[in-house]
Amino acid sequence: MAADHLLKSWAVWVDGVGKAGNCKDYTPPVLEVKTVDFTAGDMDMPIPVDDGMNPMETSVSIFGLDRTIMPLFGFQTGTNTSLSVRSVFTDASGSTFECVEAMRGLVTKIERDTQDNGSQRDKAMKVTMKLNYYKMSWAGADLIEIDPVNHVRSFGGVDILEGIRAAMMLT
């Protein structure tokens, strides 16, 4: 059906503090598997082999200057900054679907828009985070969970690293 799951609205929380009405944009993390080309002696061409994942990064732009985010910059001993995004999607029949993304990581960059002589109302600060955890739930069901520290890479409830964890006695 056309117009399935169109983004209606979204809001961001940083370390549990709601930023609804203050966010200009949000860039979700790119999920990318690293691959290596494998060729055995009898093969005519290489095939891609999963070699782990590339690092995840996300960013959010917040209007103005958010003084509660500035102290979260860089390494914070024993803690990670948490970021969550709650989005609402609709379909052509008007049904709504909730998508919740939960992330943890390190704030690695804070960029402020140029202050010029035009309108200042749309100026924002862009906060970039390198992630060490990502989870997406759709309509209450876990869709994706990536937790490299605990050796979890789960899609649709299937954790492809479960066998590796068991073989290494990490569970």
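Numbering starts at 1 and runs along the sequence shown. Values reported hereafter were calculated over all heavy atoms of this structure, with side chains retained and with hydrogens, waters and symmetry mates removed. Because the structure is predicted, anything quoted here is derived from the model rather than measured.
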Under the salt bridge (charged side-chain N to carboxylate O under 4.0 Å, His left out) test, which residues partner [X], sequence neighbours left out?
{"X": "D159", "answer": "R165"}
{"X": "K24", "answer": "D113"}
{"X": "E57", "answer": "K130"}

Selection [range] - residue pairs positive for side-chain hydrogen bond (donor to acceptor under 3.5 Å, both in side chains), sequence neighbours left out:
{"range": "residues 29-41", "value": "E32-N54"}
{"range": "residues 139-157", "value": "D50-R153, Y133-E145, K135-D142, S137-D142, D147-N150"}
{"range": "residues 63-73", "value": "K19-D66, K19-T68, D66-T68"}

* Sequence neighbours left out, what passes ring-ring contact (aromatic ring centres under 6.0 Å, His included) with F89? Give chain and number order. => W138
* Structure fact -> For residues 152-171, the ring-ring contact (aromatic ring centres under 6.0 Å, His included) pairs (sequence neighbours left out) are none
Who pairs with [X] by side chain to side chain contact (heavy atoms under 4.5 Å, CB included), at least two apart in sequence or on another chain?
{"X": "S84", "result": "W13"}
{"X": "L65", "result": "M70, R112, M125"}
{"X": "A40", "result": "F38, D42, M43"}

* Apart from V149 itself, which Ile, Leu, Val, Met, Phe, Trp or Tyr residues share its cluster (side-chain heavy atoms under 4.5 Å, direct or through members)? -> none
